[in-house]
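Working notes, structure below.
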Amino acid sequence: MDHYSKERTLVIIKPDGVQRSLIGEIIKRYEQSGLKAIAIKMILPSEDLIERHYSVDPDFKKKVGAKAIESYKTKGETPPSNDPEVVGDSVVKRLKNYMTCSPVVAMIWQGAHAVELVRKATGGTEPRTSDVGTIRGDYVLDSYSMADSDGRAIRNLIHASGNPEEAEKEIPLWFEDKEIMQYRLVQESILYDVNLDGLLE
Ligand code: GDP
Ligand code: MG
């Protein structure tokens, strides 16, 4: 197994994050945790890229569809269909509209527990219920109920990989190897060196 410090995660600042002028604020949150940015670029994603991105987990459509049907029922509303695949398809269609409406910033962050730390700083999927102190909790107000009633994707500023395996599948969709930097940050000595020698003069 690679050392802890080699874990990588994919982060996308979604169109609303760019349009809200939050690029700097979002990068600051990840950067100050000690993680290292090893790739950053602005791109306008194609619908095909978004389709492939949300197909990394082959069950995503079914799972997200089932979750959405459940939430319609909890609200006492009738879901548009009782078939998770059909509802999942419509969620992904809305995600494609949302994710291709403006440039996004794609990044790879590397360091110990990168996936978990980025998700902790990012907060839960629904901004309405994500914790204060997280990026989604602090900077946006969207909810599943408003997004569903307006027939659109929920606007939650950021995508962050769900686990290290997902990250390693998502990264090659967004980055070529030559776009990914391999370098050492001076601060990695204090974060990871075992003996901490060479600091005193
Ligand atoms: P994330 O990893 O926190 O972004 O959440 P997921 O991977 O579970 O979902 C990816 C995206 O699908 C989210 O950012 C939402 O846009 C959308 N999504 C997830 N769950 C639901 C849901 O229950 N209802 C609706 N309408 N959209 C959802
Ligand atoms: Mg996810």
Side-chain angles (χ1 to χ4, degrees), residues 7-20 22 26 29-30 45 47 49-102 104-109 113-131 133-171 173-174:
E7 185 171 308
R8 308 191 298 175
T9 190
L10 178 79
V11 175
I12 312 289
I13 303 179
K14 293 177 174 179
D16 53 329
V18 173
Q19 295 295 330
R20 296 276 312 281
L22 289 171
I26 291 168
R29 300 270 187 130
Y30 304 137
E47 290 200 5
L49 174 57
I50 301 307
E51 172 76 35
R52 284 185 287 136
H53 175 81
Y54 286 111
S55 308
V56 157
D57 172 3
D59 290 331
F60 176 73
K61 278 187 189 170
K62 214 187 281 176
K63 284 193 230 159
V64 85
K67 207 169 88 183
I69 291 170
E70 227 11 77
S71 80
Y72 277 108
K73 290 183 177 162
T74 312
K75 283 182 287 174
E77 292 169 11
T78 316
S81 158
N82 278 313
D83 182 346
E85 297 264 13
V86 172
V87 177
D89 255 345
S90 119
V91 170
V92 171
K93 205 160 149 224
R94 290 170 184 182
L95 279 168
K96 282 186 197 164
N97 276 336
Y98 165 41
M99 292 295 290
T100 61
C101 75
S102 148
V104 304
V105 176
M107 311 182 272
I108 306 171
W109 289 89
H113 318 295
V115 168
E116 193 181 314
L117 292 178
V118 162
R119 285 185 72 91
K120 184 173 68 156
T122 302
T125 307
E126 186 194 35
R128 178 188 189 175
T129 51
S130 45
D131 291 332
T134 67
I135 303 168
R136 286 167 171 166
D138 284 354
Y139 291 108
V140 72
L141 46 63
D142 210 2
S143 63
Y144 286 133
S145 52
M146 180 162 63
D148 286 344
S149 104
D150 290 346
R152 59 169 176 77
I154 193 159
R155 294 177 191 150
N156 58 10
L157 303 174
I158 294 161
H159 163 77
S161 305
N163 58 60
E165 298 71 40
E166 189 178 285
E168 292 305 322
K169 288 182 192 155
E170 290 174 351
I171 285 170
L173 298 178
W174 293 83

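Ligands are counted one by one from 1 in listed order, and the atoms in each one are counted from 1 as well. Starting from 1, each residue takes its place in the sequence as its number.
Close approach to Arg119 involves these atoms of ligand 1, each under 4.0 Å from a residue heavy atom: 2 (O), 3 (O). When each atom of ligand 1 is checked for a heavy atom of Ile154 under 4.0 Å away, the hits are 15 (C), 16 (O). Remark: ligand 1 atoms within the under-4.0 Å shell around heavy atoms of Asp148 are 26 (N).
Judged by the shortest distance from any of its heavy atoms, Met99 lies outside the 4.0 Å radius around the atoms of ligand 1. At a 4.0 Å cut-off, not a single heavy atom of Tyr98 sits close enough to ligand 1 to count as contact.
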Distance-only check: which donor-acceptor pairs under 3.5 Å involve side-chain atoms of residues 69-77, not counting sequence neighbours?
residue: Ser71; atom: OG; partner: Ala68; partner atom: O; Å: 3.1
residue: Thr74; atom: OG1; partner: Glu70; partner atom: O; Å: 2.7

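Neither the backbone nor the side chain of Glu126 has any atom closer than 4.0 Å to an atom of ligand 1 (non-hydrogen atoms only). Residue contacts with ligand 1 for Arg94 are absent, since no atom lies close enough (heavy atoms, distance under 4.0 Å). By the criterion of a heavy-atom distance under 4.0 Å, neither the backbone nor the side chain of Thr122 is placed next to ligand 1.
Judged by distance alone, with hydrogens and angles left aside, the side-chain atoms of Asp150 form no donor-acceptor pair with the main-chain N or O of Arg152 at under 3.5 Å. One N or O on the side chain of Asn163 and one on the backbone of Glu166 form a donor-acceptor pair closer than 3.5 Å.
When Leu95, Val91, Ile69 are ranked by how near their heavy atoms come to atom 27 (N) of ligand 1, first place goes to Val91.
In terms of polar-atom proximity, Lys14 is counted as a contact of ligand 1, with an N or O under 3.5 Å from an N or O of the ligand.
From the protein, the heavy atom lying nearest to atom 19 (C) of ligand 1 is Val64 CG2, 3.4 Å.
Under the 4.0 Å criterion applied to side-chain N and carboxylate O atoms, Arg8 and Glu170 are not assigned as salt-bridge partners.
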